[in-house]
Amino acid sequence: MSLMSQKGESLVLSRREPGAAAEAFIRLLQTPSGAQGLYWSGGEFIVWQGGRWRVYSLEELMDVLLLTLKDATYEKKTEEGVRRMRVSPSVGFVDDTLRFVQAMTRRTLTMPAWTSEVEGDPDPQWCVAFNDVVVDVRNWAAYERNERWLGTTVLDMDWVDVKEAVAPRWLKCVEEWSCGDENWGPLLQMVMGYAVVPTRRLRKCVLIQGETGGGKGVIQHVVRRMLGRALQVTNMETLADKHGTVGLGSAQVLWVPEVTKGGREKARTSARLIKEIVGEDPITVNPKFGQVERNVACRALVVMTSNVVPQLENDRGGLTNKMLMLPIRKSFDKGGAEVGLKDRLVDREMAGIVRWAMEGARRLAEQVETGGVVWPVPELSREMEEQFIAENNPVGLFQSVCFVRDQHGFVASELVRAEWIKWQKVRLKGREVEGVSEHNIVAKMLEQGMWGVRRHRQGSGGRRGLAGLMLRQEWRVE
């Protein structure tokens with residue numbers, strides 16, 4: 001359904017001016033109660049259409065405006081009286097009208113939200129919107145979904161079909177992916193629960209890494225079907241582009257497949273942006289055909305996938321401290337793959353998968369209520385984290401394995417250098433690390449360590465070294 005077909009009326013202007021055209025266009029898009037039904041926020045238009053709030057890009061609304069003004073009329077006074085005239089807009093007239101629409105509807109919206117306060121409204125950050133109702137995941141209480149619910153993520157199904165649904169084939173997939181690790185399934189469930197609710201206060205991103213044909217695409221397909229346009233798929237090369245943030249203001253999940261592609265420099269730029277999004281820092285949106293929008297809130301859960309351990313900037317554990325790692329160590333490429341599995345999952349079990357994800361969201365909410373979230377950690381995730389640190393922050397891995405954090409501790413510089421020589425010989429099998437040597441390892445630990453240390457000198461003329469850590473008595477050689 002188009003924006004205009006839902007109204008069934010053409011635009012009538014008081015005069016042939018862009019400002020008057022903008023006023024009439026905005027009135028045409030009011031909600032059923034007569035409230036404003038069009039907002040410009042974060043580089044996107046939020047429009048009440050077809051019984052819900054939807055996202056329109058600048059280009060999409062430009063098309064709507066152009067088609068609307070094509071049949072628009074205005075009243076012109078002539079010697080014979082008042083005549084109804086066609087607007088016959090030029091491109092410049094449409095551009096100017098759109099600028100007026102932006103200026104008249106500009107708001108800084110926080111979504112989702114209740115547009116008016118009613119006693120008993122639940123916290124929107126823990127709610128999931130369906131076609132029929134809005135559901136609080138903490139107690140599964142249902143509330144009417146109408147124009148008061150200002151949120152663009154609506155799951156395209158009815159809650160009545162979800163609350164008792166099951167997903168036996170999906171659960172079998174999760175069991176196969178887990179390879180027998182009892183923490184793998186609960187971690188995926190909590191991750192998908194985190195994806196389905198709006199809150200991002202836990203400040204986490206996700207890395208799914210593993211074999212080709214292991215199931216990363218199946219998980220993406222399921223989450224995409226679950227969230228619709230609220231899931232945006234991009235890549236590291238696009239994220240690094242100056243226009244790469246367009247559309248992120250309304251995204252609930254940002255999916256980045258194959259994060260190894262795009263080159264080291266673009267991966268570094270993208271990693272910085274990902275850390276900003278995870279930290280809920282405002283971002284800048286720079287559309288190709290519009291004004292730059294600064295201080296845009298992006299509350300997307302970033303999910304990255306890769307066949308190999310990706311190269312991403314990770315100084316001081318900037319990413320690993322925020323990253324949930326889901327390793328997939330089983331591939332079905334060489335046999336055992338179920339043809340058409342992902343389509344059958346979304347066609348037959350989508351409601352049950354959503355219910356399963358909401359159970360994960362409820363577990364998250366319960367842990368937040370009691371003071372802290374404990375994410376399950378599969379054993380394979382620990383190995384994957386070490387590989388990630390080794391690939392992206394070898395100095396940080398050296399520090400975390402060979403030393404322990406101790407605010408009162410001290411290790412002399414010569415001992416740090418000796419430990420690095422031992423590390424390079426035993427763990428790295430003689431392989432050199434670019435830019436790191438026994439001569440600068442102390443300085444590198446100050447810059448790139450997994451936790452902050454500081455230079456220190458014991459007494460007057462005493463030994464120089466690092467404070468804030470102690471030498472671990474033993475560390476693994478494998």
Side-chain angles (χ1 to χ4, degrees), residues 1-31 34-50 53-109 111 150 152 229 232 234 238 241-251 282-298:
M1 179 187 292
S2 71
L3 280 174
M4 293 303 101
S5 66
Q6 74 175 344
K7 294 291 181 180
E9 53 187 287
S10 59
L11 208 60
V12 179
L13 312 187
S14 59
R15 57 195 183 279
R16 192 185 183 281
E17 295 176 2
E23 289 174 346
F25 183 70
I26 294 168
R27 282 197 304 271
L28 192 64
L29 297 178
Q30 289 177 335
T31 68
Q36 182 172 330
L38 174 65
Y39 296 98
W40 171 252
S41 179
E44 299 171 306
F45 283 102
I46 311 300
V47 186
W48 177 259
Q49 179 205 358
W53 294 98
R54 299 177 188 271
V55 177
Y56 273 70
S57 69
L58 190 66
E59 292 82 1
E60 288 171 333
L61 203 85
M62 169 71 89
D63 290 343
V64 173
L65 183 60
L66 184 63
L67 293 174
T68 304
L69 291 176
K70 177 178 70 70
D71 298 322
T73 59
Y74 71 102
E75 293 182 345
K76 181 177 180 180
K77 291 181 179 180
T78 66
E79 292 180 357
E80 292 79 20
V82 177
R83 294 182 59 189
R84 181 71 64 85
M85 308 288 289
R86 293 178 65 86
V87 173
S88 301
S90 65
V91 173
F93 186 94
V94 176
D95 286 342
D96 290 344
T97 301
L98 185 62
R99 291 290 300 275
F100 271 105
V101 171
Q102 288 177 277
M104 292 174 177
T105 63
R106 184 183 296 274
R107 300 288 189 279
T108 301
L109 298 178
M111 295 188 295
L150 182 60
T152 57
R229 283 188 63 171
Q232 294 209 19
T234 187
T238 300
D241 185 79
K242 65 179 181 179
H243 305 300
T245 57
V246 173
L248 297 189
S250 60
I283 63 173
T284 297
V285 176
N286 183 15
K288 290 184 179 179
F289 307 106
Q291 293 178 309
V292 174
E293 298 287 328
R294 293 181 171 82
N295 299 318
V296 175
C298 175

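The figures that follow rest on heavy atoms only: side chains count, while hydrogens, waters and symmetry mates do not.
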Residues that Thr238 engages under side-chain hydrogen bond (donor to acceptor under 3.5 Å, both in side chains), provided they are two or more places apart: Asn235
Parallel, tilted or perpendicular, as decided by the 30° and 60° cut-offs, for the rings of Tyr39 and Trp53: tilted
Spatial distance of atom CG (Leu38) from atom CG (Leu28) [nearest 0.5 Å]: 10.5 Å
Side chains of Met85 and Glu75 in contact at under 4.5 Å (non-hydrogen atoms): no
Pairwise side-chain contact, Phe45 with Leu58, heavy-atom cut-off 4.5 Å (strictly under): yes
Arg294, CZ atom: more than 12 neighbouring heavy atoms under 6.0 Å: no
Side-chain donor/acceptor of Ser41 to backbone N/O of Leu109, under 3.5 Å: yes
Heavy-atom closest contact (Val296 atom, Gly249 atom, distance): CG1-CA, 4.2 Å
Ile46 CD1 to Arg107 CZ distance, which is reported to the nearest 0.5 Å: 13.0 Å
Minimum side-chain heavy-atom gap Leu61-Val47 below 4.5 Å: yes
Residue pair Ala20 / Leu13: nearest heavy atoms and the distance that separates them: O-CD2, 4.1 Å
Heavy-atom side-chain proximity of Leu248 to Val285 below 4.5 angstrom: no
Atom pair CE/OG1 of Met104 and Thr97 - distance to nearest 0.5 Å: 9.5 Å
Which atom of Val87 lies closest to which atom of Arg16, heavy atoms considered: O-NE, 2.8 Å
Contact check, side chains of Val64 and Phe25, non-hydrogen atoms, under 4.5 Å: yes
OH-CZ distance between Tyr74 and Arg86, expressed to the nearest 0.5 angstrom: 11.5 Å
Backbone N/O of Arg54 and side chain of Gln49: donor-acceptor pair under 3.5 Å: no
Nearest-0.5 Å distance that lies between atom CG in Leu98 and atom CE in Met62: 4.5 Å
Distance (rounded to the nearest 0.5 Å) between Leu65 CG and Phe100 CZ: 12.5 Å
side-chain contact (heavy atoms from CB on, under 4.5 Å) between Asn286 and Thr245, worked out: CA-CA 7 Å; Asn286 183 15; Thr245 57; 5.6 Å; no
Salt-bridge criterion met for Arg229 and Glu44 (N-O under 4.0 Å): no
